[in-house]
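Letters go in sequence order (proteins before strands), and every chain restarts at 1. Note that the structure is predicted; figures quoted are calculated from it, not measured.
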Protein chains: 4
Amino acid sequence: MELNFRSDNESPAAPAVFAAVAAANQGTAWAYAEDQWSALLDDAFSGLFATPTTVIPVSTGTAANSIALACVTPPWGSVYCHRNAHILNDECGAPEFFGGGIRLVPVDGENGKFSAGALETLIYQNSGHGIHSYQASAVSITQSSESGTIYQAGEIQAISETARKQGMAIHMDGARFGNAVARLGCHPADITWRAGVQMLSFGASKNGCMAAEALLIFDNPDARESAERLRKRSGHLLSKMRYVSAQLLTYVEDDLWLTMARHANKQAATFADTVTRHPGASLEYSVEANEVFVKWTPDGFKSLENAGIQFLTWPGREDLARFVFSHCTTEQETTFLCEALTTRKTP
Amino acid sequence: MELNFRSDNESPAAPAVFAAVAAANQGTAWAYAEDQWSALLDDAFSGLFATPTTVIPVSTGTAANSIALACVTPPWGSVYCHRNAHILNDECGAPEFFGGGIRLVPVDGENGKFSAGALETLIYQNSGHGIHSYQASAVSITQSSESGTIYQAGEIQAISETARKQGMAIHMDGARFGNAVARLGCHPADITWRAGVQMLSFGASKNGCMAAEALLIFDNPDARESAERLRKRSGHLLSKMRYVSAQLLTYVEDDLWLTMARHANKQAATFADTVTRHPGASLEYSVEANEVFVKWTPDGFKSLENAGIQFLTWPGREDLARFVFSHCTTEQETTFLCEALTTRKTP
Amino acid sequence: MELNFRSDNESPAAPAVFAAVAAANQGTAWAYAEDQWSALLDDAFSGLFATPTTVIPVSTGTAANSIALACVTPPWGSVYCHRNAHILNDECGAPEFFGGGIRLVPVDGENGKFSAGALETLIYQNSGHGIHSYQASAVSITQSSESGTIYQAGEIQAISETARKQGMAIHMDGARFGNAVARLGCHPADITWRAGVQMLSFGASKNGCMAAEALLIFDNPDARESAERLRKRSGHLLSKMRYVSAQLLTYVEDDLWLTMARHANKQAATFADTVTRHPGASLEYSVEANEVFVKWTPDGFKSLENAGIQFLTWPGREDLARFVFSHCTTEQETTFLCEALTTRKTP
Amino acid sequence: MELNFRSDNESPAAPAVFAAVAAANQGTAWAYAEDQWSALLDDAFSGLFATPTTVIPVSTGTAANSIALACVTPPWGSVYCHRNAHILNDECGAPEFFGGGIRLVPVDGENGKFSAGALETLIYQNSGHGIHSYQASAVSITQSSESGTIYQAGEIQAISETARKQGMAIHMDGARFGNAVARLGCHPADITWRAGVQMLSFGASKNGCMAAEALLIFDNPDARESAERLRKRSGHLLSKMRYVSAQLLTYVEDDLWLTMARHANKQAATFADTVTRHPGASLEYSVEANEVFVKWTPDGFKSLENAGIQFLTWPGREDLARFVFSHCTTEQETTFLCEALTTRKTP
């Protein structure tokens, strides 16, 4: 047993995905995304999302996010996102770099999500300085959120409408997009373009791939040029892109991505149940995807570590820990974790 | 009577300063800051500040601030400043632009000032993500502050020590530096390099000049190269710099700058007294320099406007207005304003 | 006598221009280019150029050039300009900085000018790498050129047509635009928008102003937003812009700018005649504006210096020197220079 | 038979490299280059290069080049490189982007190489404008060059000395570094740090890997911080870096990289021999690595294409074509190509 609940980033690639990479490793193929696998991406994702979709494969989510935001934000534009957003806290300023000095504006909100109302109020508060301040240019929603929660289609729709009234573009950071779709049981379109989202960073690395992400642009073929220029210029146009594209194709084939996300979500839900019934520990956020944030005592967490369980104590919060479940977390491992928690009283 | 209390930015140049510009307009002079006036700046300011000082004349405070911050902050570095800071709210991202995508981090604090303690706490809170987040690289203090308040030498010292412990550089935005020195009655060195400040944006435009600011670098001649390169590269190396330098020389001669600042401060104090004694209006911040922020009713402010008085209603706050007093505000004008307020009951 | 032929950048402001600044220094005025002088600029220049013109006043030509180029060039775009262009050699990368890493591409051509044919060939040669290379986005013509020569309207027209076929924008660096119009005796429109130029850096500092330049945008009001954002963001929105705008208004009133340019051109022509008749010295470029490039022996130049004459020996070329004539060069000074050359045999 | 001589970028990964990736795909591993494979890189390359070496694994050569140059070049600095350099022509301005608007300066030279003398002359020619122009900050040498030629250790040494005298940093783009070492039969150190090279973009993707490159920094551990920050900030810190690091470790184990490069070089040499003996075709550059540039008639090239042979006709040169040989080019394929050329007279 691995007992590694630190991050889904630490999981290996799923066997089917790896087999696709092996299959792509036969013979020569055109370089720089002109290969036969990359050529299939637009069709595959247009089908999946039921609308014409431009696919820009890259190898990291930071690249997808930053290219997306730089495409729709002038250097003097700002991007509104949740205070906990990955683009704000965990990308070392990549959006600012790609965008030529854009600014990210944190929006507060409970459960790792912000509301259309909070967004609107903040935009209004920041609007009094005219040309002396940043221009509100885009909004970025993380789905599922950094707190393991999920925006309902209606919530996204409301945010999009608020943004659109201001002439702002709408981006979704979908590093864990599969977990959201799996949980909601909706069509992928329902929480993206049908709800006003124009660009999606479609994540796959965390959910069964080696290094495969894609920037999806819905129904706007003219945006390809900028996105491709930015990808090349930032060093993200892999010469052997076939390996990334082959992963993506297999990942979305036969709902593999949803099957894996559903599995991860289920493990998280099982553990969340256990936490809820525990006398000392409690959930920091409602558990809706594959992440479980547990509030407990430092000694309590230590006792789990002593049992060989690996997880992340939150930076600056010794009473908070994150447990992440992935496509390869076994039921055995989840059971072990649940039992370890249950048998430990709060020290 | 002008009755213009909107901003000291709207005042004309003082007669002595204008005379200096006229005197500089005789014959030819070397271009690009190699003229005879510019050549005197280092000595003049080294004398004024009682330490070797490198002077980089520019024509706007935004240029001085941005060059300073870009000199000491890598693109992945962050600059801590007050939530109301001009660099944060009123420069349309110039620091981010000059710095190649640096980030400004707002620090909260009452009366337009932040404390060493608040700074330390926030740096600590932001420090858990390592290389995935920005590196705390500089702190910027506005003196006098955007709220018309003043940092005591000891407060600056404490902030500097906190910053230095983190390896951060210390910058002061002195757009209204003269008003602070005039109020404190201290040596300019006491609230700058002796208190740990390494770079000062020395403002003069608001206090009697036409367009004259200077970035001062204390006791660090090696920093000149970067600052001069950034000045040139941002289009701020005027070919006829003599006109800026001539203003600066006269501005600091015979304490002209302090005489003018003292006058402005005095007018503000007079008005602040009146506000304090008014039954309906009140001061939003303590009045320590040349700005007075008044809390009152919208109808009250309207009645002043009807009396021909010009001032700034704060963006997004209809119950708050700013009155600024300058070197050229006459006592008559101040008296008129005070009487106008006094005779108006709160509607 | 000054005997300073180093640069027109070293000349003082003309009396009328200085008087306009003095007149503007009365009372308060709205800050940040919302003053009454700035408000007149669009009309004044629309009249002068006989087409709706957006005026963005700034204090340096580098700012005007860089804002213009950044407005029309994406970060992955390139700007074609002459190998001797000021933007390429003398702005320390300001266009690259403002444009987020654009590239300048030098075009060769005799007499400081390039032809439409040379431009077309070079664009074609650089076009084979597709998305792996820069996108040809703009062309910049200097008028009058860095070599003191002048593009005829037809030459500009041909360059514009070549550029337009590639979807490129057309910019003119008019640091010495007045000298060109004075020489050609044409309407300013004839060598700008009527010949396809979309943006003009209209220079005034070298020809009688203190620090006054303007970016002119012809017949494209939508471009104002980007230009103003870039001006603010680069620290070039002076709080007391009235002083710049007042200069510009007087400069173009009653053809003052052309009168001054004509005077400077005439002095240059007089000296050029003398050079032509000299047995040892010769002209490097044809003299069409206010600059004279003289080829001679190092000892010859030294003998002029010994006579108290100041000029610029060209960097890296000890057999080449530049003599610049300005609005304030007196006929006496020109005569002295001519005689000094004539009486000196080539050593 | 593939008969694909278009580019070594189109080759698949070598079996041993792929096996290493498969082996790395077992169980969980720490994310963001804190895995057990990445932990071995510094030791492996320090051993290979016989000096303390900092290894920054990335997935593209453009990333390695751009991070390296941005580390050693201020925004106002220029990088000298050959006119045919990949960083100049094929990275869509990535160095300019990473470096915040740096400039690349093309140096001319025969056979795809430039000399220390040509470098020195050009630096001198560009040095006359002082702060008004770029500062010469770095030099970048491509080894083996874009023309398939190789710098001798002494040539590199001479370039390094010239650069060092100017305070410039020395970078090597080693996209095909293995081919150079294989050809020279020298120690890798001989043409890198022992010859003055401070940073090497060590390429592996073209020579048997899927997507694996590394920036190597010799004997300068302090440079790690900037390089890692830039990697993260540009989106190049893969969460599952283990897959890249595993490739690199196997690639340099037991001289696999040299074995593969030697094979490719040998195929190229065989074809070069054939070209030399052909009555109509000729070599454009001397063939020293794995690339062969052939000068022939357009109809000649067409006849090869008709035989099913794939290669690259050079952009803008219909009389020039490039044939690249890789680790997986079979002798059969080479023989087929040679015979195809031999049996075709020049049309």
Side-chain angles (χ1 to χ4, degrees), chain A residues 30-35 38 54 56-58 66-67 69-78 93-103 126-137 166-168 215 222-241, chain C residues 30-35 38 54 56-58 66-67 69-78 93-103 126-137 166-168 215 222-241:
Chain A
W30 283 74
Y32 296 117
E34 297 185 348
D35 60 87
S38 302
T54 301
I56 311 288
V58 289
S66 301
I67 291 171
L69 296 174
C71 276
V72 294
T73 313
W76 52 84
S78 57
E96 286 93 333
F97 172 45
F98 280 64
I102 64 172
R103 181 179 291 175
N126 288 342
S127 68
H129 296 249
I131 206 162
H132 299 263
S133 191
Y134 274 90
Q135 179 183 55
S137 298
Q166 307 292 334
M168 296 162 75
L215 168 58
D222 291 348
R224 178 187 290 282
E225 168 80 12
S226 293
E228 289 199 349
R229 288 279 183 180
L230 282 164
R231 177 176 62 177
K232 174 66 196 176
R233 189 167 165 78
S234 60
H236 284 287
L237 179 58
L238 299 192
S239 59
K240 299 184 175 177
M241 190 64 89
Chain C
W30 284 74
Y32 296 117
E34 297 185 349
D35 60 86
S38 302
T54 301
I56 310 288
V58 289
S66 300
I67 292 171
L69 296 174
C71 276
V72 295
T73 314
W76 53 84
S78 58
E96 285 92 334
F97 172 44
F98 281 63
I102 63 173
R103 181 179 292 175
N126 288 341
S127 68
H129 296 249
I131 207 162
H132 298 264
S133 192
Y134 275 90
Q135 179 183 57
S137 298
Q166 308 291 334
M168 295 163 76
L215 169 57
D222 292 349
R224 178 187 289 281
E225 169 79 11
S226 293
E228 288 199 350
R229 289 280 182 180
L230 281 165
R231 178 177 62 176
K232 173 68 195 173
R233 189 167 166 78
S234 59
H236 284 286
L237 179 59
L238 298 191
S239 59
K240 299 183 175 177
M241 190 65 88

**Request:** Give the minimum heavy-atom separation between A:I131 and C:K232, together with the two atoms involved.
**Result:** O-CG, 3.4 Å
**Item:** Value rounded to 0.5 Å, distance of CH2 in A:W76 from CD in C:E228
**Value:** 11.0 Å
**Asked** When heavy-atom pairs shorter than 4.5 Å are enumerated against chain A, which of C:Q135, C:R229, C:H132 gives the highest number?
**Response** C:R229
**Complete:** Closest non-hydrogen atoms of C:R233 and A:Y134, given as atom of the first, atom of the second and distance, are NH1-OH, 3.4 Å
